[in-house]
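Structure first, commentary second.
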Amino acid sequence: MNFLRRRLSDSSFVANLPNGYMMDLQRPDNSTSSPVSPAMERKHPQPPQPSQSSSTGTSIFSSISSAMKQTTQAAAGLIDHSTSPSPPVAPKPKILLVIDDAHTEWAKYFQGKKVNGEFDIRVEQAEFSELNLAAYVTGGCMVDMQVMRNGTKVVRSFKPDFVLIRQHAYSMALGEDFRSLIIGLQYGGIHTVNSLYSIYNFCSKPWVFSQLIKIFNSLGPEKFPLVEQTFFPSHKQMVTTPNFPVVVKLGHAHAGMGKVKVENQHDFRDMASIVAMARTYATSEPFIDSKYDIRIQKIGNNYKAYMRTSISGNWKANTGSAMLEQIAMTERYRLWADACAEMFGGLDICAVKAVHSKDGKDYIIEVMDSSMPLIGEHVEEDRQLIADLVVSKMTQLVTTAGSTPSPLRPWPPQVQPQSVKTQPGPQLAQLSQPRPPPQGGPRQPQASQPPRTNAPPQQRLSPQGQQPQSPMSTSPQQQRSPGSPQQVRSATGSSPVQASKAGVFPPQQPRPPAQGRAPSQPSPTETSKQQANPHPHLNKSQSLTNTFSISESSQRGNPNEDEAKAETIRNLRKSFASLFSD
């Protein structure tokens, strides 16, 4: 072996070896037998050479270690990021639903406006016919909208925070009835301009005219000149009218539709047949030969008055050609607008229509709500006023959201009974304050007492197992002689109301509590002695009353007093046993 080692250390010998021979000698897992014996290998262990598999495993382990190290660093970075002040998050915008036709683009009037200075306004606009909704008790109102925008059908679902209604919810002439959507918005608790309550009431013109009649009766014909109108529930009542010509209005319609001028009685009967076919109500009012129409509109605190004169000669000033001009706002016109704005809980947007006759008189004929059309040269200004009004209403809702109570009236708070120690009947009666009877009047018998019969008093007591509401039952002997000393002593062991009726103390002064009574529970023998009464008829009834007082006070006392409850139950059983033993 030493020879071999010396030969391997000789560089000239190693250089003369074949090329692969030295590599085979150095390979640890070669198949050839090693010249070194196993004993020598165990005695002089050689360091193992790293193989390709071990290097691959080491690289995988190092990759996993580096990945774990990166994950740990990332987690540490997240923790540091959370502790640092986060950038402010933009608040969610408030959704405003505008119910109007597509001719007016309301989004541009709300551009740049914010609710309470921090919430942006997202405007969604659609007509009543393009909306559908579902309302929930706690989930609010979910609106589905299907509109056409530039030839493309747009479908959206959202929860509106506020709604501006600029369309009529009901019209018989067009066959449109969207009152169910108004009910759904009210069901979901959505705030609108005008209010949903007023909009639903404006779905019937005779109903609105009845409110004008109330204003007419309140202000008088001089300040509030209202046209004389007759209401017919159906065609059966349309027999005749006192004066002609008249204007007959069928049902609920807008923009001059459903209005007919009737000149004589024959035309009026023909009109009644048309009302019968329409199956609706109708109204008639005297025809006024007008010089011009007057319209006073109110948007928030802004007032405008317009005069419209027909050019085409049509008796309807809103039909055909007409000339429109703005006139001065007088105090009389302002009174009309303010009086009509108070109906149905308040109208933020309204307009009063009147007719100025050729003889110089004015007649109020109609009032409109937020669905009124805007006219005149200041249409853009009026739309901006409506937008400012809506933003103001939305700001009020956001500002008072945390302090406004629920519209539902809360239940009255429960009065917690005072803690009363369980004591015998006389002491329990002394702890509560009596209710004095009315002064100067005779003592009235209790209304809940049954008529007197020949049966003994104990037969009129409540059956076993039922607890009376208050220990106020008295025997007939107490009512006959309230001043006897025996009854005074028995009343002191009963409720304070009985003591007051027995004449123990004045009605206005409560009875002072007894002094020196031990609060401990008496034994059954002592209880029976305390319940004993010289009067033979009051013995059982008063003992039962005292037992009920003890039972009620124990229920109002500390629930942990098990011994007091057990003693009360035992006293109650003994009282019933002594009551029915006879």
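What you see below is based on every heavy atom in this structure, not just the backbone, and it leaves out hydrogens, waters and symmetry mates.
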Could you check whether any side-chain N or O of [X] sits under 3.5 Å from a backbone N or O of [Y], counting only pairs where one atom can act as donor and the other as acceptor?
X      : Y      : result
Asn194 : Asp348 : yes
Trp106 : Ala387 : no
Lys94  : Ile121 : no
Gln237 : Ser234 : yes
Glu130 : Glu127 : yes
Thr395 : Val115 : no
Asn201 : Cys203 : no
Gln167 : Phe128 : yes
Lys236 : Met238 : no
Glu124 : Met145 : no

Is it the case that the side chains of [Y] and [X] hold a donor-acceptor pair, with the cut-off being a distance below 3.5 Å and no angle test?
X      : Y      : answer
Asp382 : Gln297 : yes
Lys114 : Asn116 : no
Asp338 : Tyr333 : no
Glu176 : His168 : no

Quick one, Thr240 with Gln265, criterion side-chain hydrogen bond (donor to acceptor under 3.5 Å, both in side chains). Give me CA distance, side-chain angles, the key distance, then yes/no.
CA-CA 7 Å; Thr240 184; Gln265 182 68 27; 2.9 Å; yes
If every non-hydrogen atom of [X] is compared with every non-hydrogen atom of [Y], which pair is closest and at what distance?
X      : Y      : answer
Ile190 : Pro160 : CD1-O, 3.4 Å
Ala328 : Ala305 : O-CB, 4.1 Å
Pro373 : Met368 : CD-SD, 4.3 Å
Ala337 : Val352 : CA-CG2, 4.1 Å
Ile349 : Met372 : CG2-CE, 3.4 Å
Ala169 : Ile182 : CB-CG1, 3.9 Å

[atom2] on [Y] to [atom1] on [X], rounded to 0.5 Å:
X      : Y      : atom1 : atom2 : value
Ser284 : Asn243 : OG    : CG    : 10.5 Å
Leu347 : Ile299 : CG    : CD1   : 13.0 Å
Met277 : Arg279 : CE    : CZ    : 7.5 Å
His191 : Asp161 : NE2   : CG    : 10.0 Å
Asp359 : Lys361 : CG    : NZ    : 5.5 Å

Which of these passes side chain to side chain donor-acceptor pair (under 3.5 Å) with Glu366: Lys249, Lys205, His254, Arg295?
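Result for side chain to side chain donor-acceptor pair (under 3.5 Å) with Glu366: Lys205.
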Do [X] and [Y] have side chains that get closer than 4.5 Å, going by heavy atoms?
X      : Y      : result
Ser357 : Lys291 : no
Thr192 : Leu164 : no
Leu212 : Val367 : yes
Asp369 : Ile199 : yes
Pro221 : Phe216 : yes
His378 : Tyr306 : yes
Arg166 : Thr104 : no

Is the gap between the ring centers of Tyr292 and His356 under 6.0 Å?
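Centroid separation for Tyr292 and His356: below 6.0 Å.
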Are Tyr170 and Phe178 near enough that their ring centres are under 6.0 Å apart?
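No.
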Assess the residue pair Phe232 and Tyr281 against the criterion (ring-ring contact (aromatic ring centres under 6.0 Å, His included)); give the C-alpha distance rounded to whole Å, side-chain angles, the decisive distance to 0.1 Å, and a yes or no.
CA-CA 6 Å; Phe232 301 102; Tyr281 51 81; over 10 Å; no
What orientation do Phe344 and Tyr197 show, parallel under 30°, tilted 30 to 60°, or perpendicular over 60°?
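Plane angle over 60°, so perpendicular.
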Has Lys92 got its NZ or CZ under 6.0 Å from the middle of the six-membered ring of Phe119, at an angle within 45 degrees of the ring axis?
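Judged by the rule, Lys92 and Phe119 form no cation-pi pair.
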Output, in order, the C-alpha distance, side-chain angles, deciding distance and verdict of salt bridge (Lys or Arg N to Asp or Glu O under 4.0 Å) for Glu263 and Lys261.
CA-CA 7 Å; Glu263 298 287 348; Lys261 180 182 177 182; 3.5 Å; yes
Criterion side chain to side chain contact (heavy atoms under 4.5 Å, CB included) against Asp293, the qualifying member of Leu324, Thr309, Val355:
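Going through Leu324, Thr309, Val355 one by one, the side chain to side chain contact (heavy atoms under 4.5 Å, CB included) with Asp293 is satisfied by Val355 alone.
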